[in-house]
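Structure first, commentary second.
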Amino acid sequence: METESVGVQTQGGRARSPGPPETPGVALSGCQGEAKHTGRMPESDPAILLRGVDFSYDGGNRVLKKISLEVAGGERVFILGRNGSGKSTLVKILGALQSPSQGACFICGIDASDAAVHGKVSVVFQNPESQIVGAVVEDDVAFAPENQGLPSPEIEKRVSWALEKVGLLHKRSALSSALSGGEKQRLALAGALAAGSVCLILDEPVAMLDSEGRVEVENVLRDIHASGTTIVQVTHRLEDVFEADRVLVLSRGMWAWQGRGEDFWDVAESLGFELPPLVVLGRRLSRKGVPLSLCHRSSQTFAQNVVHAILDSLSPPGQGGVDEPPRSPRSSEREEAADAGPPPSPFFEVRRLHYSFNVSTPLETKVLSDVSCIVPAGTWLSVLGRTGSGKSTLIQHLNGICRIQSGEILIGGQALPQSGSELRDLRRRVGLVFQSPEVQLFSPTVREELAFAPKNWGCPEEEIDARVERALESVGLDMGYLERNPLLLSGGERRLVAIASILSADPGCLVLDEPTAGLDASFRKRIKELLQGLRRAGKTVVTVTHDLDMALEHSDRLLVLDRGVRMCEGSIRATLPALLEMEASMLPEILQVSGMLWRHGVKAPLTWNVEELCRGLGL
């Protein structure tokens, strides 16, 4: 349904942000200045106001339809919606980066078309790499205040204040390129704060980060919000709803629902969302009479309260499942099937691989150190590890993008080619899909994109159309996409087209870097099912992922890297103990809960699967 307006949900008593050090004549905190920039706006006026906003890229198809919105100062609002629902377009309008086709947008009383608004609002996108402009951390943070023409002493104050706010003051002289993914996103936030912005518009700010980086950024955002900054954040992570003052759901360019964060869970499934496993567990406990509230300020505190509620409800302590931590049913089936016959021959063997950037220079950096692993043919290997652990560098060796410096890689028992026609044949045999599909999509239509590889490999013309149609069908897209521009598709559709462009060459192995990052639940599900189907068809699949749930639930084997060193490698059962040594906040919430229960002596299954845990607890 379409909702014409979304009212203000006031946050009574919330302090306003003190902001960076004040400069005479420059308003830095609160929503100061009316539309004509004279005097002070009343405190009751909204920080963000949209009135009847429409937007169309081509003058015909409306991406946004009659969007109205009020956000109170100091409020934290989350916007949910499927890929293609208009969220990114709305972010650009809220951040004054795009003018609406119809309607109006005001930020702190200033029309978004007025250049003065850029001192009030900043946008932080999901990929921090696209926002960093300074080679050195402090230079990057100084970029906005320098462009505002502020005096040098004031710029220095703002830079120091913003870096301290995001926990990067000790790295002010570091190279921006040397930061981890989480640090780069915190740097982007520091730049927004140094600009004097009192409203932050965030487009999936943690989508491309590992668990450690996500936790870092989420902690900074909590601190920024607690000081009174207004935050509007687009997300696909339903766990983020725990942090929300208010939740808005966008569907086909219109509001489908709005309300308090704690009320969202009652309507989530009717709106087409799949409840997070932790919420499913909480509901099962509530139905069993275990007192538990969904009103929490983070998924971490909710997980801890779930554990405490279970412990309090058990009498005598220690009742529950089995004496040994069982395997996941799905991983058990896969391992038992593998044990039933002869082990598959290796598709890849990596032996003592070493790799460094900027070799023989003062900037030489070790990326991989003595890494070895085996990828059996027809299996799915997930490569895990924090940002900067060497995962992408490793997989780029597998089809020859990175040349071997030291060590050895075998493919089908033969040395991995490094040059000439053999290297060309390798790239036909091993397809690589990058994390950002935009970097490998270049043709004006989907048809030409999918036909490029078969043509490049010399396929007969009469075979190319059949390959294109088979590849498109294999990723679940209909023939109507063939004449569309791939760069004008939604994020999920672009990811599927990028995969199809590799499948049209019929490789024996598909290597994917973060295939589900930044996608909504429906597209994540489609890609997981696609990869499962490829494995069933005998293809070898290698994924780099921060999605531990996907890795544990669907992979045959795991390889865990840390700072370029192999921490563990093998079946799910063999690697689970090493995973449990990781910081709890980096694990799937259900695995956190089952691990905490196990350590408290509860004989519940040690699992990441919510249904298995519920059965073990008798829920």
Side-chain angles (χ1 to χ4, degrees), residues 1-9 11 46-55 62-72 75-95 100 103 105 126 200-207 221 225 230-280 282-283 294-299 302 490-493 516 518-526:
M1 64 178 177
E2 179 172 347
T3 303
E4 287 288 330
S5 64
V6 178
V8 178
Q9 183 171 331
Q11 304 298 309
I48 296 173
L49 175 64
L50 297 182
R51 289 178 176 165
V53 166
D54 277 31
F55 186 81
R62 289 191 300 166
V63 179
L64 297 176
K65 307 167 188 176
K66 300 298 181 186
I67 292 291
S68 295
L69 171 66
E70 293 184 11
V71 179
E75 194 175 9
R76 188 169 186 186
V77 175
F78 283 86
I79 298 176
L80 306 174
R82 296 180 182 276
N83 289 98
S85 61
K87 302 185 302 299
S88 293
T89 301
L90 181 59
V91 162
K92 294 173 186 175
I93 290 174
L94 291 172
C105 174
Q126 65 177 236
L200 289 182
I201 313 300
L202 311 175
D203 190 1
E204 291 275 2
V206 299
L221 290 175
H225 179 233
T230 304
I231 297 178
V232 177
Q233 182 170 340
V234 167
T235 185
H236 287 309
R237 277 177 41 86
L238 293 195
E239 293 84 355
D240 291 339
V241 169
F242 286 107
E243 313 268 355
D245 296 319
R246 187 152 50 111
V247 175
L248 306 174
V249 178
L250 193 63
S251 177
R252 298 180 181 178
M254 300 181 292
W255 294 129
W257 186 85
Q258 69 96 7
R260 299 184 307 166
E262 54 264 37
D263 295 332
F264 170 74
W265 305 116
D266 293 330
V267 299
E269 290 177 294
S270 66
L271 291 168
F273 295 100
E274 184 177 342
L275 292 177
L278 192 59
V279 174
V280 172
R283 288 191 158 189
L294 286 174
C295 185
H296 292 275
R297 296 308 294 177
S298 76
S299 60
F302 183 51
S490 72
E493 291 167 336
T516 60
L519 301 183
D520 64 28
S522 64
F523 274 104
R524 290 198 302 271
K525 182 179 179 180
R526 288 173 70 174

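Computed from a predicted model, the values in this text were never measured in an experiment.
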**Prompt:** Which one of L200, D245, T230 satisfies the side chain to side chain contact (heavy atoms under 4.5 Å, CB included) criterion with H225?
**Reply:** D245

**Fill in**
Residue set satisfying side chain to side chain donor-acceptor pair (under 3.5 Å) with S490, at least two apart, ordered chain then number -> E493

**Item:** Results of side chain to side chain contact (heavy atoms under 4.5 Å, CB included) for T516 - residues two or more places apart only
**Value:** R524, I527, D547, M550

**Asked** So, for P205 and L221, which heavy atoms are closest and what is the spacing to 0.1 Å?
**Response** CG-CD1, 4.5 Å

**Non-hydrogen side-chain atoms of L80 and V241 separated by less than 4.5 Å** = yes

**Message:** I need the single residue from I67, T89, V234 that forms a side chain to side chain contact (heavy atoms under 4.5 Å, CB included) with L250. Which is it?
**Reply:** I67

**Item:** L519 to G492 - nearest heavy-atom pair and separation
**Value:** CD2-CA, 3.5 Å

**Message:** Which heavy atom of A244 sits nearest to which heavy atom of F78, and what is that distance?
**Reply:** CB-CD1, 3.3 Å

**Complete:** Residues passing the salt bridge (charged side-chain N to carboxylate O under 4.0 Å, His left out) test with D240, sequence neighbours excluded, are R237

**Message:** Would you say CZ of R51 has more than 12 non-hydrogen atoms from neighbouring residues, nucleotides or ligands within 6.0 angstrom?
**Reply:** no

**Fill in**
Paired with L94, the side chain to side chain contact (heavy atoms under 4.5 Å, CB included) test is passed by just one of V71, I201, D203, namely I201

**Item:** Partners meeting side chain to side chain donor-acceptor pair (under 3.5 Å) with E239 (sequence neighbours left out)
**Value:** none

**Complete:** Closest non-hydrogen atoms of K87 and R82, given as atom of the first, atom of the second and distance, are NZ-O, 2.8 Å

**Request:** Please identify each residue that fulfils side chain to side chain donor-acceptor pair (under 3.5 Å) with D520, with sequence neighbours left out.
**Result:** S522

**Request:** Begin from the C-alpha positions of K92 and F55 and carry the test side chain to side chain contact (heavy atoms under 4.5 Å, CB included) through to its verdict.
**Result:** CA-CA 11 Å; K92 294 173 186 175; F55 186 81; over 6 Å; no

Let me have the donor-acceptor pairs involving side chains of residues 268-277, under 3.5 Å, with sequence neighbours excluded, atom names and distances please.
unit_1 : atom_1 : unit_2 : atom_2 : d
S270   : OG     : V267   : O      : 2.7

**Message:** Could you check whether any side-chain N or O of W257 sits under 3.5 Å from a backbone N or O of V247, counting only pairs where one atom can act as donor and the other as acceptor?
**Reply:** no

**Message:** What's the separation between atom CG in L69 and atom CZ in R246, rounded to the nearest 0.5 Å?
**Reply:** 6.0 Å

**Message:** Show, in sequence, the C-alpha distance, side-chain angles and deciding distance for L50 and L90, and conclude whether the side chain to side chain contact (heavy atoms under 4.5 Å, CB included) test is met.
**Reply:** CA-CA 10 Å; L50 297 182; L90 181 59; 3.7 Å; yes

**Asked** What distance separates H236 NE2 from N83 CG, expressed to the nearest 0.5 Å?
**Response** 4.0 Å

**Fill in**
In terms of heavy-atom contacts, S85 and S251 come closest through CB-CA, 4.2 Å

**Asked** For Q233 and R76, which heavy atoms make the closest approach, and how far apart are they?
**Response** OE1-NH2, 2.9 Å

**Request:** Mind checking salt bridge (charged side-chain N to carboxylate O under 4.0 Å, His left out) for R62 and listing every partner two or more places apart, or none if nothing turns up?
**Result:** D54

